[in-house]
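Okay, so here's the structure we're looking at.
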Amino acid sequence: MRVAVQSQPFDVGAEVSGFTAKVRGAGAVVSFTGLVRDEGGNLSGMEIEHYPGMTEKAIRGIVEEAVSRWSLVDALVIHRHGKLAPGEAIMMVATAAPHRADAFAAAEFLMDYLKSRAPFWKKELGVGGEAWVAAKDADEDALKRW
Amino acid sequence: MRVAVQSQPFDVGAEVSGFTAKVRGAGAVVSFTGLVRDEGGNLSGMEIEHYPGMTEKAIRGIVEEAVSRWSLVDALVIHRHGKLAPGEAIMMVATAAPHRADAFAAAEFLMDYLKSRAPFWKKELGVGGEAWVAAKDADEDALKRW
Amino acid sequence: MGVFFEVAAFLAGRQVIDVLYFAWVRERIGLPRERIETSATTVAELVAELRAREERYEAAFADLSSLRVALDQELSSFDAPLAGVREIAFFPPMTGG
Amino acid sequence: MGVFFEVAAFLAGRQVIDVLYFAWVRERIGLPRERIETSATTVAELVAELRAREERYEAAFADLSSLRVALDQELSSFDAPLAGVREIAFFPPMTGG
């Protein structure tokens, strides 16, 4: 169960390959990657602030919760902070399980909780200025299904 | 929207990389990979039979249905046939969408339909002989949620 | 068999269909495909005709609830008409993914 | 400030806490962290104390419903007690993922 919080870019394909190669006994691997959108050319990038110390602890807690709820062989979370350009990967999760339902549910659960319970804050750097991304009610509501 | 039905192995990481690199405008990429399990060493491999001609047509129909239901930037399906060893990737789907809910829902929809509506049949090659994999009621039931 | 065969069958009120078998249906019948001439008008009538042929067909078609059928590569049902169909396939429930 | 400062505060019935600010809370207050000595017994009391200090704190804490609080790096609530807490952080709802 690897958790990485880093400013450096990561290679999504290499991470998925490495994760998939070592999940003995799993029949299903799900990955999710979040990308910086360019919003039709109106976004020049994104800056992500986080709470060093709490961030990894919060993510580990979320991963442990997922492990307790579903039958998982392995899980991976990588989340960047700092400045990112459009098209760059912001973060990824991967889950491996004997069966697909568990792998999908755990990946969605991780995403829903990382979105609203891990201490990251996104600022969009636009052509016309910069603005903190507001949390969406839909993201808070998404937690209620678990 | 690429669909590939092939006997050759494919590189999951390279496919995820290639798919992710060209999805301009997407904020979310989900991938699913199905692997041959070894069932605790009791499985020596798997043989997958398919219906050439119908297979690609059926998968394209399922992908088109997904595209009509969710806001997708792109989708990919790769499915192997022939003999596979434990740990090898049987198939993968990838979906890209502006937002994560669509990417996840479309990937799960594709999996549920590929499982029960694309003409593939799996035979497990075990230590004690070989046996066709029986369809599960749960897989048929999974279609009802869409 | 060719065109002459098909034309003769048509004139006799019969049709020529490619019948494909997959997975354990193929194994029980012992061949992956065959071309047959039939006067059956539905899938069910064709199945009855095949079952009457030989024990291996009877074994393959004993439980229709465990079989699926495709007409010209589209999933269909056992009460579907055969008119105009060129290719019919019988197989167990699919197990892809 | 060090141990002497903390011991003196403790003897005076007060405690020394590291207060951290993130995102627009940090921007409004104008600094990422500060160490303060307080006799507040709950988060809400500490917030009231900070708001009374200066306009920039008043601006940052004007709407508590748009703020979250963590005590020693665990999400908490505004009515939580401060006893034993070493680090408190204020920030907007999180937007990771």
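All values below were derived from every heavy atom in this structure, side-chain atoms included, with hydrogens, water molecules and symmetry-related copies excluded. Below, chains carry the letters A, B, ... as their sequence lines are ordered, and counting in each starts from 1.
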Greatest number of heavy atom pairs closer than 4.5 Å to chain A - which of [options]:
options: B:S17, B:A103, B:P98, B:G27; value: B:G27
options: B:G18, B:A21, B:G13, B:A94; value: B:G13
options: B:A26, B:A14, B:A142; value: B:A26
options: B:E108, B:M92, B:E39; value: B:E108

When you check the gap from the basic side-chain N to the acidic O, do [X] and [Y] get nearer than 4.0 Å?
X: B:D112; Y: B:K144; value: no
X: A:E15; Y: A:R2; value: yes
X: A:R69; Y: A:E65; value: yes

Tell me, for A:D11 versus chain B, whether the close heavy atoms (under 4.5 Å) come from the side chain, the backbone, both or neither.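 Answer is side chain: those atoms of A:D11 sit under 4.5 Å from chain B.
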
Is chain B contacted by the side chain of A:A107, its backbone, both, or neither, given a heavy-atom distance below 4.5 Å?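 Both parts, backbone and side chain.
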
Between A:H81 and A:S7, do the side chains contain a donor N or O and an acceptor N or O under 3.5 Å apart? no

If the plane angle is over 60° it's perpendicular, under 30° parallel, otherwise tilted; pick one for B:W146 and B:W70.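 The arrangement is perpendicular - the two ring planes meet at more than 60°.
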
Aromatic plane relationship, B:F104 with A:F104 - under 30° parallel, 30 to 60° tilted, over 60° perpendicular: perpendicular

Which one, A:I90, A:V36, A:L35, leads in non-hydrogen pairs under 4.5 Å with chain B?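 The candidate making the most pairs under 4.5 Å is A:L35.
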
